[in-house]
Amino acid sequence: MNLKIYNSLTGEKEVFKPLLDGHVGMYVCGPTVYSNVHMGNVRTFLSFDLVYRVLQYLGYKVRYVRNITDAGHLTDDGTVENDRFVKQSRLEKLEPMEIVQKYTVDFHNVLQLFNLLPPNIEPTATGHIIEQLELTKRLLAMGYAYESNGSVYFDVRAYNEKGGNYGELSKRNIDELFANTRSLDGQDEKKNPQDFALWKKASPEHIMKWPSPWGEGFPGWHLECTAMSTKYLGDRFDIHGGGMDLKFPHHECEIAQGTACNGTAPVNYWMHANMLTMNGQKMSKSTGNTILPMELVTGDNTFFEKPFHPSVVRFFFLQAHYRSVVDLSNEALLASEKGFQRLMEAVKLLGQLEASSSASEGFDVGAWHEKCVEALTDDFNSPILIAHLFEAVKYIFGLKEGKGKLSFEDLEALREHMDQLVFDVLGLQAVEENNHSKLDATLGVLIELRNQARKAKNWALSDEIRDRLQAEGIELKDGKNGTTYSLN
């Protein structure tokens, strides 16, 4: 079946045709490692983990490149005060590269927790300063950039006059942007406000800086992705992915830089994962409507009634298409947990069933598998795939009750397909029974019964519960914040 991918550049699903038959070059914008990775990041990277897994499942050899932004990410093209690494290093009283290391480790730990496969190559911005300098020199020589006060900017107007189409990805009219901001021209060192930094002059107090032909400075955020993607995937490659929030200006700038440098559009298929909300509202640190991955997994938060296993969270994300907005809520995760558990029970049961000596009845494994593959090839449609998986789940539980039959060949095929789709493609992991959770729940009931007895002044029952637990090696401790227990 032909794989179809929704191309953000054209706004249409297109049949995927790799530049090199059987091979895929894919670049995904990685994290800016100045703070903990948040759940929105996890959703984006998990979306492209699915893409990576599906491409491999379909038989492609994939070179997956995902960068680490560890320098040069300004909140705008302004002063050192807007450098995220410098701001965070001052807050935490650490060197900028200590900040980078701390949050790079956090990023890797979180993605491993949610069972994301590592990319084939994970380059860093600081490791590719030379490549960024060379690109800047080339753009200057070709007339697509200009130097101003020790900084170098990409000239958007010159790019468009030379046949470029800045705004083609985000569907923005650059002439309108110029018209609306013309009054600002000449008020800073840029010719036009839409021009973006390729290289920024570093002020004396700026810590992260490197020598260049224009003086000490640091690279612009947009340039690093062009430098690293083209170095490892070539001047033109198959897929570029990232979050919807990167479409403008970051990806728009990448297209302009790559096209200007190499005379060809750098990417064939642009893919964007949509946003994550929580309890129906935008996730934001300023409003407090935000949660870190570890807070969700451990239950150390005020939004959710219990901890949720990383595989349950992963299953929750995959129940929505990567291009749709997902709302994280307690009710949604509880529902996903039930579905996840039923899916895992079915996979376990399937491994225990015995084949029929006669022909299969009630389920066409081949036709079912074709539908699953069709969902995957329709722009990586994980929710449709999951719906097909639950068709098989229903049949598997029916087999246990004597409804239907599976021949040896069909049983083996169904086992293989379920294992591949559930574990290899969706990346889910079986959750071992947690006896500690069951103990917590059981003792929670007993503590509640004891509290009720105490309120009713039934001291005999209250003491009996405490003493019998004590005899079993479980000590109850009454404190200001309630009753806890410890195992002796």
Side-chain angles (χ1 to χ4, degrees), residues 29-36 67-107 123-141 143-156 158 181 184-228 231 246 249-250 253-254 256-257 261 285-286:
C29 290
T32 302
V33 285
Y34 71 98
S35 64
N36 294 107
N67 74 298
I68 296 285
T69 295
D70 58 351
H73 192 160
L74 300 180
T75 51
D76 57 30
D77 282 335
T79 63
V80 65
E81 283 71 27
N82 292 318
D83 187 309
R84 293 178 171 183
F85 297 99
V86 174
K87 289 172 72 173
Q88 196 65 26
S89 68
R90 288 173 176 171
L91 281 172
E92 298 193 34
K93 295 181 173 55
L94 296 170
E95 287 293 321
M97 290 312 291
E98 286 183 284
I99 295 293
V100 166
Q101 178 66 9
K102 175 181 177 179
Y103 292 114
T104 299
V105 170
D106 170 73
F107 172 71
T124 64
T126 54
H128 294 76
I129 299 295
I130 292 174
E131 288 83 355
Q132 292 172 81
L133 287 171
E134 290 304 311
L135 280 177
T136 303
K137 291 177 189 175
R138 193 189 310 178
L139 289 168
L140 278 167
Y144 288 107
Y146 58 91
E147 181 186 355
S148 177
N149 193 29
S151 295
V152 181
Y153 295 95
F154 187 90
D155 193 330
V156 171
T181 57
L184 298 175
D185 288 358
Q187 290 186 15
D188 60 13
E189 58 192 26
K190 294 193 280 188
K191 291 181 180 179
N192 294 290
Q194 289 73 33
D195 296 346
F196 54 89
L198 300 172
W199 186 264
K200 281 293 293 181
K201 178 183 178 180
S203 57
E205 67 270 24
H206 204 289
I207 304 169
M208 302 178 81
K209 54 190 174 184
W210 293 264
S212 81
W214 318 285
E216 285 195 327
F218 52 95
W221 171 36
H222 312 306
L223 188 64
E224 68 176 68
C225 283
T226 294
M228 290 184 279
K231 175 169 183 175
L246 298 181
H250 186 52
C253 296
E254 281 192 65
Q257 292 165 163
C261 270
K285 286 184 180 179
S286 60

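Keep in mind that the numbers below use all heavy atoms, side chains included, and drop hydrogens, waters and symmetry copies. Just so you know, these numbers come straight off a predicted model, no measurement behind them.
Put simply, the side chain of K201 never gets that close to the backbone of W214: no donor and acceptor are under 3.5 Å apart. Panel note: side chain K209, backbone A202; no donor-acceptor pair is recorded below 3.5 Å. Judged by distance alone, the side chain of T126 and the main-chain N or O of D70 form no donor-acceptor pair under 3.5 Å. Panel note: side chain Q257, backbone L139; no donor-acceptor pair is recorded below 3.5 Å.
Here the closest non-hydrogen pair linking H206 and F218 is NE2-CE2, 3.3 Å.
Considering only heavy atoms from C-beta on, M228 stays 4.5 Å or farther from E131 through its side chain. Side chains of P219 and L198 form no contact here, defined as non-hydrogen atoms less than 4.5 Å apart. In this structure the side chain of Q194 never reaches within 4.5 angstrom of the side chain of Y153, judged on heavy atoms. Contact of the S212 side chain with the W199 side chain is registered, since non-hydrogen atoms from C-beta on lie closer than 4.5 Å. Using a 4.5 Å cut-off on side-chain heavy atoms (C-beta onward), W210 and L133 make no contact.
Contacts classified as salt bridge (charged side-chain N to carboxylate O under 4.0 Å, His left out) and involving residues 145-155 (residues at least two apart or in different chains) are given here: D155-K191.
The NE2 atom of H250 lies 4.0 Å from the CD atom of E254; values are rounded to the nearest 0.5 Å. Atom CD1 of I99 is separated from atom CD of E92 by 4.0 Å, given to the nearest 0.5 angstrom. Taking NZ of K190 as the reference point, atom CG of N192 lies at 9.5 Å (rounded to 0.5 Å).
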